[in-house]
Amino acid sequence: MEYRKMKNEYQPSLLGFGCMRFPLNDDGNINEEEAENMIDRAIQQGVTYIDTAFPYHNGIVSLL
């Protein structure tokens with residue numbers, strides 16, 4: 001994994017994990033177990049930049 005050197009000590013991965021398209025259950029809520037597995041896998045591969053935003057999934061707040 002390649003990382004970007006910042007002015008401070010933080011060095012985010014150049015490859016980020018976008019949380020805009022998490023898998024959904026039939027009721028439209030985020031499939032938290034599958035989403036957690038996806039994030040865990042990205043972190044295991046060296047991803048340190050996780051892209052999140054409140055409007056993703058229509059503002060549904062998940063307890064990930």
Side-chain angles (χ1 to χ4, degrees):
M1 180 65 61
E2 292 184 44
Y3 299 89
R4 175 75 63 208
K5 196 168 197 173
M6 307 291 280
K7 290 181 180 180
N8 57 19
E9 293 182 22
Y10 180 60
Q11 294 186 32
S13 55
L14 291 181
L15 178 64
F17 182 89
C19 298
M20 188 172 192
R21 302 278 187 247
F22 276 143
L24 303 177
N25 295 319
D26 292 335
D27 62 4
N29 289 319
I30 295 169
N31 181 328
E32 291 188 21
E33 182 178 354
E34 194 170 336
E36 286 176 17
N37 289 336
M38 293 168 66
I39 292 172
D40 287 344
R41 171 93 182 179
I43 291 170
Q44 289 169 4
Q45 299 298 315
V47 173
T48 59
Y49 173 63
I50 311 290
D51 178 21
T52 64
F54 184 76
Y56 292 173
H57 294 280
N58 298 317
I60 296 171
V61 176
S62 177
L63 300 177
L64 297 175

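Computed from a prediction, not measured in an experiment: that's the story for all the values here. Just the heavy atoms: all of them, side chains too, but no hydrogens, waters or symmetry mates, feed the values below.
Summarising the geometry of C19 relative to T52, their closest heavy-atom pair is SG-CG2, 3.7 Å, with the distance given to 0.1 Å. When every heavy atom of P23 is checked against every heavy atom of A35, the shortest pair comes out as CG-N, 4.3 Å. Nearest heavy-atom pair, Q11 versus K5, reported as atom, atom and distance to 0.1 Å: CG-CA, 4.2 Å.
Connection of M1 to I50 is established within a shared hydrophobic cluster, with ILVMFWY side chains joined at heavy-atom distances below 4.5 Å, either directly or through further cluster members. Residues I43 and Y49 do not share a hydrophobic cluster, clusters being chains of Ile/Leu/Val/Met/Phe/Trp/Tyr side chains in contact below 4.5 Å.
Residues N29 and F22 fail the side-chain proximity criterion, which asks for heavy atoms closer than 4.5 Å. With a 4.5 Å cut-off on side-chain heavy atoms, Y3 and L14 do not count as touching. Within the 4.5 Å cutoff, the side chain of E2 has no heavy atoms near those of the S13 side chain.
Remark: the backbone N or O of E34 is paired with a side-chain donor or acceptor of N31 at under 3.5 angstrom.
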Practice task
Any chance you could lay out the side-chain contact (heavy atoms from CB on, under 4.5 Å) test for L24 and I30, step after step, and finish with the verdict?
Solution key: CA-CA 4 Å; L24 303 177; I30 295 169; 4.2 Å; yes
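Within 6.0 Å of CG on D26 lie no more than 12 heavy atoms contributed by other residues, nucleotides or ligands.
Considering CD of Q44 and CD1 of I39, their distance stands at 12.0 Å, rounded to 0.5 Å. Taking CG of D51 as the start and CZ of F17 as the end, the distance is 10.0 Å to the nearest 0.5 Å.
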